[in-house]
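Chain letters run A, B, ... following the sequence lines, proteins first and then strands; every chain starts at 1.
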Amino acid sequence: VGGPHLKPAEHDFVAARRRLEAKAKSAGEKLTSVEDAASRVRDGDLVAAGGCLFSRTPLSLVREILRQRRSGLTLVRNLMCTEGEWMMAAGAVGRVVTAWMSIGLPWGVSRVMREHVESGKVAFEEWSHLALGLRLRAAAMGVPFLPALTMVGSDLAATVGLKRVQDPYTGESLAAVPALFPDVALLHVHRADRFGNCQIDGYPHMDADIARAAATVLVTAEEIVPEEEIRRHPDRTVVPGFLVDALVLVPWGSYPHECYGLYEADFEHFEEYTAAIAERGGRAMEEYLARYVYGPPAFDDYLELFGGERLARQRRFARELTTSAGGFAPLPGLPPGLRGQSPRSDRTSS
Amino acid sequence: VTVACTPSELLAVIAARQLRDDTTVFAGVGIPLLAAALAQQRHAPRLTMIIEGGIVGPRIRPGRLPISTNEMRAGHLAQALPGITDLFLLAQRGFLDVGFMGGAQIDRHGNVNTTVIGDYHRPKVRLPGTGGANDIASLCREVIIVTPHERRRFVPRVDFVTSPGWLDGDGSRARAGLPFGGVTRVVTTLGVLGFDPDTRAMRVDALHPGVTLDEVESNTGFELLTASPIETTAPPAPDELELLRALDPDRRFLG
């Protein structure tokens, strides 16, 4: 099987290193508008988005990139969801680098993805979940590849041009998973100070690696906290400020996707969205983009479309799932001495 | 006494029985996760569930079953959230005993396809892709495939090897650079299948109560080996079904 070959520029660790060396790594102010942040994305860029599937997706940045009518982008994201569909339908991406794309089991295979990939409008470059994670990890480490035991033997290896490397010590043959250096990282985090020191609650996903792998890092945060709060809990900082180029305060910045501890994904919205696409196809997608992306000028206007009641409910659901509400019941079969009673304290930030 | 149950319930109960105590299982959402939770509640309290969203040791909250492996519901009351890459690296290190997998297509050597139906470059259907399935198939100590038994799924050779089973059999998996793991069992709605230790071709090991070998063969697109004797699985016990149904009261995955 032939297929898309590796693009040397995307795993050139020397060029990536030089690019980073030439860049300002400021401890200064990073706060800006979402319009300004998104304007750092150029046509043709390799863009990596943080979060995973419908968790902590940087949707406000994706929305603004589409509003600025970028094109020819390559989107890198391990599991792609509606943000990938928006970008395909808007004509912003020509290629995706991913392990999986759809919305979730109950909604079947993504119709938007099928239409764009089967017609050849968008190239689908498929890596295994770990291999793509290691591509970003290798880039974060500044090395050209990482040896691994995955993806070899499958047909995936041939379609992406995965090569092998011989262990100089034992002679064993391993996968040589190439680094992937994105032009831009898009991240959504729980909190940051104005210098861009970022903290994430719950699932870390691959955001820390993405921030280190990319040449430019754009961040939206649910909350901007005083510098002292970051300095009080420096162990929680996963992206130091000098890695960050632009920071925007965007509460609910992943909605209708989830943000751990703060709001659950809006499955009702997914139902409406997929039902409309099932019924009216590309036409429904155009209407959706007009209503949610191109129409509302600011993210607050976009949130208005969902309404405060819906948002409050999703916040309540998130709290229920990430606190001990609902009770912690020890499993049957544990010796009596091991039956703890301790309810877990609220992990969400105040 | 046979208790009436749906095909999905049967699948979950039989899959749960494959798991041993004091082990670890990589489970996807849906039936595999329910099966792992059932095993944990019934006979394997020291089983650790691992979910690919970067989740170690969650507790399933009845009525709030996760839809994906990367959302809050999947990590309810988890013991650790190491992140996705580091979670898979636990599997590469050898900490994962069993990987539970589904799949659109499976062939006689246990290879699974979730990438394309038809030709890769001109696919009839572009499927969502591997997700973590390729890694689970490559890195766990053993893989157990859990799937409805349908002729369109059981094909002689998958259109595309997304997740390597035994590849072409006869040691080809190890030669391809996969020194560990492999598919040991396929749990279906009709029975339990294994693989011949030499040729690694699929073999009928057990039939569910009331199922005939004929039925299995007519729902399989290739020739099957048969164990001798072919066992009959014990029907789901009332307590197994009771525990299972309590996990999915909305019948989101149990049908």
Side-chain angles (χ1 to χ4, degrees), chain A residues 1-3 52-55 78-79 98-102 104-106 109-110 113-114 117-118 124 126 128-131 133-134 136-137 148-156 159 164 172-175 202-206 209 258 260-261 264-265 267 318 321-322 326 328 331-334 344, chain B residues 29-30 40-43 45 52-55 59 61 64 67-73 75-77 81-86 88-89 91-92 111 114-115 120-135 137-139 160-164 167 172-173 176-180 252:
Chain A
V1 204
C52 198
L53 196 63
F54 50 73
S55 177
N78 276 59
L79 307 184
T98 187
W100 193 91
M101 179 168 172
S102 276
L105 279 188
V109 184
S110 162
M113 180 276 286
R114 279 194 61 186
V117 176
E118 289 171 15
F124 189 116
E126 182 174 343
S128 80
H129 213 354
L130 174 59
L134 290 176
L136 297 163
R137 174 73 49 94
L149 298 174
T150 201
M151 236 176 105
V152 289
S154 71
D155 288 340
L156 291 172
T159 60
R164 302 239 233 146
E172 295 281 343
S173 167
L174 294 98
Y203 305 138
H205 298 309
M206 298 180 182
D209 284 337
E258 75 162 41
Y260 190 95
E264 190 176 34
F267 299 126
L321 284 163
T322 51
F328 172 73
L331 291 168
L334 288 182
R344 199 177 60 167
Chain B
V29 290
Q40 197 180 49
Q41 298 215 347
R42 190 165 179 272
H43 65 268
E52 75 169 42
I55 301 158
R59 286 291 166 77
R61 187 161 171 192
R64 298 289 282 281
I67 287 166
S68 84
T69 51
N70 301 268
E71 60 179 277
M72 272 178 275
R73 292 178 185 211
H76 184 58
L77 293 175
L81 302 176
I84 297 164
T85 303
D86 289 311
F88 278 110
L89 291 176
Q92 181 167 280
N111 303 303
T114 51
T115 295
Y120 179 80
H121 296 287
R122 301 193 145 273
K124 200 153 72 177
V125 183
R126 172 67 226 198
L127 297 168
T130 162
N134 170 277
D135 306 303
S138 301
L139 303 174
F160 187 95
V161 178
T162 309
S163 304
L167 296 177
S172 53
R173 178 182 167 96
L178 296 167
F180 310 111
R252 181 139 212 153

Options [options], ranked by heavy-atom pairs under 4.5 Å with chain B, top entry:
| options | value |
| --- | --- |
| A:C52, A:G104, A:S173 | A:C52 |
| A:P204, A:S128, A:S55 | A:S128 |
| A:L149, A:L174, A:V117 | A:L149 |

Between [X] and [Y], which heavy-atom pair has the shortest distance, and what is it?
| X | Y | value |
| --- | --- | --- |
| A:G153 | B:L167 | O-CD2, 3.4 Å |
| A:T322 | B:M72 | CG2-SD, 3.8 Å |
| A:F124 | B:P128 | CZ-O, 3.5 Å |

Is [X] in contact with chain B via its backbone, its side chain, both, or neither, using a 4.5 Å heavy-atom distance?
| X | value |
| --- | --- |
| A:Y203 | both |
| A:A175 | neither |
| A:L105 | both |

Just so I know, are the side chains of [X] and [Y] near enough to count as touching, which here means a heavy-atom distance under 4.5 Å?
| X | Y | answer |
| --- | --- | --- |
| A:L134 | B:T85 | yes |
| B:E52 | A:N78 | no |
| A:T159 | B:F160 | yes |
| B:N134 | A:L156 | yes |

Practice problem: Check the pair A:L79, B:N70 against side chain to side chain contact (heavy atoms under 4.5 Å, CB included), reporting the backbone distance first and the verdict last. | Solution: CA-CA 9 Å; A:L79 307 184; B:N70 301 268; 3.1 Å; yes
Exercise. Give the C-alpha distance, both sets of side-chain angles, the deciding distance and a yes or no for salt bridge (charged side-chain N to carboxylate O under 4.0 Å, His left out) between A:E126 and B:R126.
Key: CA-CA 11 Å; A:E126 182 174 343; B:R126 172 67 226 198; 2.3 Å; yes
Quiz item: By side-chain hydrogen bond (donor to acceptor under 3.5 Å, both in side chains), which residues pair with B:R252, not counting sequence neighbours?
Solution: none
Practice problem: Applying side-chain hydrogen bond (donor to acceptor under 3.5 Å, both in side chains), name anything that partners A:S110, two or more places apart in sequence or on another chain. | Solution: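 Result, side-chain hydrogen bond (donor to acceptor under 3.5 Å, both in side chains) vs A:S110: A:E85.
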Quiz item: To the nearest 0.5 Å, how far apart are CE in A:M151 and OG1 in B:T162?
Solution: 10.5 Å
Exercise. Enter the distance from A:D155:CG to B:Y120:OH here, rounded to the nearest 0.5 Å.
Key: 10.0 Å
Quiz item: Can you check whether A:E258's main-chain N or O pairs, donor with acceptor, with B:E71's side chain at less than 3.5 Å?
Solution: no
Quiz item: Only one of B:I84, B:T130, B:L139 clears side chain to side chain contact (heavy atoms under 4.5 Å, CB included) with A:L130; which?
Solution: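 Of the listed options, the one satisfying the test is B:L139.
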Can you tell me which of [options] forms the most heavy-atom pairs within a distance under 4.5 Å of chain A?
| options | result |
| --- | --- |
| B:P179, B:G131, B:P164 | B:G131 |
| B:G132, B:S172, B:G54, B:S163 | B:G132 |
| B:R173, B:K124, B:H43 | B:K124 |
| B:V29, B:T69, B:D86, B:N111 | B:D86 |

Quiz item: Is it the side chain or the backbone of B:I67 that comes within 4.5 Å of chain A heavy atoms, both, or neither?
Solution: both
